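The figures that follow rest on heavy atoms only: side chains count, while hydrogens, waters and symmetry mates do not. A note on names: the letters A, B, ... follow the listed sequences, proteins ahead of strands, and every chain is numbered from 1. Note that the coordinates shown come from a computational prediction; the quantities given were computed from them, not determined experimentally.
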There are 4 protein chains.
Amino acid sequence: MPKVDDTYRNARRAQILDAAITCFAHEGFHRATIRDIVVQSKLSPGAIYNYFGSKEDIIEAIVTERHKKEKRLVLEARKEPDVARVVGRLRDAFLGEYREKKERLRRRVSIQLWAEAQRNPRIGKIVRRGVTQMRKLLSRIIADAQRRDEISPDLDPDALARFMIAAFQGLALQAEWDNNLLLEPYLRILNTFLKSFFSPV
Amino acid sequence: MPKVDDTYRNARRAQILDAAITCFAHEGFHRATIRDIVVQSKLSPGAIYNYFGSKEDIIEAIVTERHKKEKRLVLEARKEPDVARVVGRLRDAFLGEYREKKERLRRRVSIQLWAEAQRNPRIGKIVRRGVTQMRKLLSRIIADAQRRDEISPDLDPDALARFMIAAFQGLALQAEWDNNLLLEPYLRILNTFLKSFFSPV
Amino acid sequence: MPKVDDTYRNARRAQILDAAITCFAHEGFHRATIRDIVVQSKLSPGAIYNYFGSKEDIIEAIVTERHKKEKRLVLEARKEPDVARVVGRLRDAFLGEYREKKERLRRRVSIQLWAEAQRNPRIGKIVRRGVTQMRKLLSRIIADAQRRDEISPDLDPDALARFMIAAFQGLALQAEWDNNLLLEPYLRILNTFLKSFFSPV
Amino acid sequence: MPKVDDTYRNARRAQILDAAITCFAHEGFHRATIRDIVVQSKLSPGAIYNYFGSKEDIIEAIVTERHKKEKRLVLEARKEPDVARVVGRLRDAFLGEYREKKERLRRRVSIQLWAEAQRNPRIGKIVRRGVTQMRKLLSRIIADAQRRDEISPDLDPDALARFMIAAFQGLALQAEWDNNLLLEPYLRILNTFLKSFFSPV
DNA sequence: AATGAATGAGATTTCATTCAT
DNA sequence: CATGAATGAAATCTCATTCAT
């Protein structure tokens, strides 16, 4: 079944990554075996190693795709005319994901990644790069808003960006532990917080 | 079968837990081997299994001690006369730890725990219990303050507690990735945030 | 199903065998993968399996061709009028090869074959047949010379043949290990040895 | 069963090496699996890896012990008063091994080593070192004899050493292929050869 | 005939845990 | 109580070979 085109190969790649996300989300990186991914993806070990050189490569691919998607979300949000709306849209985009089952899995994998990044230099580098990228993007959005006098010039853009990211990271964690965590009340606090920083001065 | 006293046993236990924290912080739960802990603790495998029934038991002991300590911190802070000071003291207590090397290791282990809690029901249960306990404590502090009219009654105590926890969880993560993260600017944002919620109405 | 002619098929076969010799010489039979041969030969796995039923078949083909060539060399040498000249020519023929790069590869493969012959009955049989054939040829040359009174009748033809073969096998090994082994001194010893046996009585 | 003494550990080590020699001799390095060695040695995989870091380490240990033994043999032989007797004793020592079953296995492994040395730099280095050591030892024996006027000064000691080694290497190979190779006739040729070089001038 | 993606048996190695001393 | 050698299940990855196209 040779001479397949890129569409075919991309489909297989996605098939493997999807299976891997499911397995990693349920078992963690270390407990999820290649065999698990084999079963989940309905492929064979050999087939998987045709697309990825190692288990770590699969993890890396997952992170990389995740980061690409997040960057896209932020760049999309940035098109809004003022910072309040940019931030509102970001909030909606990231919170929106909380309903989707597939995204739930991805979030679980993200938490695995935070742990893995600690001891795996290669994964660490990539995860770090991703978060830094996100922080820089947010930071710039804030700085731009300050330049346009939309928000107080006293706020440190970088620190505020960190704080926003923290609010979402913490939510991700807690949502993970609490199956019936109610988004609404959290959202209301978040809005109060956002308003206190991002409403027109 | 020489009966040794409790002091001796407790010292050995602590020796093992200290070694384990170091190993887990550096290698993660799965990559850190019992042998690593053996080397680090200068004991033998057999000795370790005399004090803990399994690797998981060691992890469990670490979490449990961690939670006890955090509970102590909060109960201590609660003695302050008003909520602004309670929150301020909590902030100082948790941030104070950021300078200590030993605490750095514990924080790293915490992140490992978040990941492990996802797939290990036993650890999951304990970690969940710990965060819930913390949330309940904070939540009650907030509710009490509302009852004393110190802060707005519109805020959902539980959600605000979650938000505060998130701010610290996110900081822990980012501090982990960014060796030279500056606490000061983050602290300033945190203060602004806290003030906007907790200053006398 | 395009019927191609024998010339085409023979060319492909040679292409595969050449590639295989290179790979086997560099990586050994077990470490050299079909994929290596695919890359080296610039063909595809499927193509290779069109010409050879298995990796072992390729090895077998290499041995067989090698043996054919050696037999040709001996038969050629045997045309010389007396045993001294026969032996001299054999020596030149086999030593002549030491300069050629391609032959260096073949010699490396031969050493692999000695090892493989030990545990692989099929290869073992062929290798054995080849050496036996060579020994018989030399043995007959010696016996004929004895019959013609060219050399002492006391020498056991078979044992002497073995000894001659050993001298070359050992040289092949040592040349393999010693990149700058000097042929000349060895050759002088070899000549002294040959003269002591093969000079006219 | 801890705190064992060196005798115990050496016995286990020997047990593993013996099993490995048997397996390697029968199946070759690549076909012999660790599991084979496990079965043969009646130990467990873990036990084996307690004594050797890898399959390659086992191979290395086998070569090293072999070389030590050969060196001992030569040094022992060198004590003879004149070169003829030295050489005679060497011949007897090495040929003597041909009767012993255990030595037969070792010889088979040696042939495997010649092949493995080609593609495995680590093994290559050790094998080379061993043969070089042997050649140097023989070479010095010859040179000493020349200094004492026992043999012709025209012979190149190094080349003659090579030739002697070759005679034994070739014999090892042929004995391997020919189960009923007769040593006597070969020995007679060898003696003629040795006499022609080593008898008093 | 050629292609090359897929297969899946099997190899090496690791490591939590046990238990004789 | 301590020791550390031994156990053996299980994990990752390789590679000869097949076969749909």
Using a heavy-atom distance cut-off of less than 4.0 Å, which residues of residues 11-28 of chain C contact DNA chain F?
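When residues 11-28 of chain C is checked for heavy atoms under 4.0 Å from DNA chain F, there are no hits whatsoever.
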Report the distance from atom CZ of D/Arg129 to atom NE2 of D/His67, rounding to the nearest 0.5 Å.
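D/Arg129 atom CZ to D/His67 atom NE2 measures 9.0 Å (nearest 0.5 Å).
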D/Tyr49 OH to D/Leu43 CG distance, which is reported to the nearest 0.5 Å
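That separation rounds to 13.5 Å.
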If you find the nucleotide of DNA chain F closest to B/Leu43 and the one closest to D/Ile48, which residue's nucleotide is nearer the 5' end?
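Looking at the nearest nucleotide for each, B/Leu43 comes out on the 5' side.
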With respect to the phosphate group of [N], does any side-chain polar atom (N or O) of [X] fall under 4.0 Å of OP1 or OP2?
{"X": "D/Tyr8", "N": "F/dG4", "answer": "no"}
{"X": "B/Arg9", "N": "F/dC1", "answer": "yes"}
{"X": "C/Asn50", "N": "E/dA1", "answer": "no"}
{"X": "A/Tyr51", "N": "E/dA5", "answer": "no"}

Distance in angstrom units between A/Ile37 CD1 and F/dC13 C1', rounded:
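It is 13 Å, rounded to the nearest whole Å.
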Round to a whole Å and report the spacing from CG of C/Asp36 to P of F/dT14.
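Rounded to whole Å, this separation is 13 Å.
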Please work out the stems of DNA chain F from pairs that are Watson-Crick or G-U wobble with both distances under 3.5 Å, keeping only runs of three or more consecutive pairs.
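So far as stems of 3 or more pairs are concerned, DNA chain F shows E:2-21 with F:2-21.
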Every protein N/O within reach of nucleotides 10-14 of chain E N/O, cut-off under 3.5 Å:
residue : atom : partner : partner atom : Å
E/dT12  : OP1  : D/Lys55 : NZ           : 2.7
E/dT12  : OP2  : D/Ile34 : N            : 2.9
E/dT13  : OP2  : D/Tyr49 : OH           : 2.5
E/dT13  : OP2  : D/Lys55 : N            : 3.1
E/dT13  : O5'  : D/Tyr49 : OH           : 3.4

Let me spell it out: for each of A/Ala47 and C/Lys42, pick the nucleotide of DNA chain E with the closest heavy atom. Which residue's pick is nearer the 5' end?
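By nearest-heavy-atom nucleotide position, the 5'-most residue is C/Lys42.
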Considering non-hydrogen atoms only, spot the tightest contact between A/Ala20 and A/Ile37 and give its length.
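Distance-wise, the nearest heavy atoms are CB-CD1, 4.0 Å.
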Cationic N near anionic O, under 4.0 Å, D/Glu65 to D/Arg13:
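Yes.
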Can you name the side chain to side chain donor-acceptor pair (under 3.5 Å) partners of A/Asp18, sequence neighbours left out?
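In terms of side chain to side chain donor-acceptor pair (under 3.5 Å), with neighbours along the sequence ignored, A/Asp18 is linked to A/Lys102.
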Do side-chain atoms of A/Arg119 reach the backbone of B/Gly28 as a donor and acceptor pair under 3.5 angstrom?
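Between the backbone of B/Gly28 and the side chain of A/Arg119 there is no qualifying donor-acceptor contact (under 3.5 Å).
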Keeping B/Lys68 on the side-chain end and B/Val63 on the backbone end, is there a donor-acceptor pair under 3.5 Å?
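Absent.
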Is the shortest heavy-atom distance from the side chain of D/Ile111 to the side chain of D/Arg107 under 4.5 Å?
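Heavy-atom side-chain distance check fails, nothing below 4.5 Å.
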Partner residues of B/Asn120 under the side-chain contact (heavy atoms from CB on, under 4.5 Å) criterion, sequence neighbours left out
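Per chain and number, B/Asn120 pairs via side-chain contact (heavy atoms from CB on, under 4.5 Å) with B/Glu56, B/Glu116, B/Arg122, B/Ile123.
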Worked check of salt bridge (charged side-chain N to carboxylate O under 4.0 Å, His left out) between A/Lys125 and A/Glu60:
CA-CA 10 Å; A/Lys125 206 169 162 184; A/Glu60 182 178 310; over 6 Å; no
Hey, could you give me each pair passing salt bridge (Lys or Arg N to Asp or Glu O under 4.0 Å) that has a residue in residues 34-44 of chain A? Not counting sequence neighbours.
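For residues 34-44 of chain A, and leaving out neighbouring residues, there are no salt bridge (Lys or Arg N to Asp or Glu O under 4.0 Å) pairs at all.
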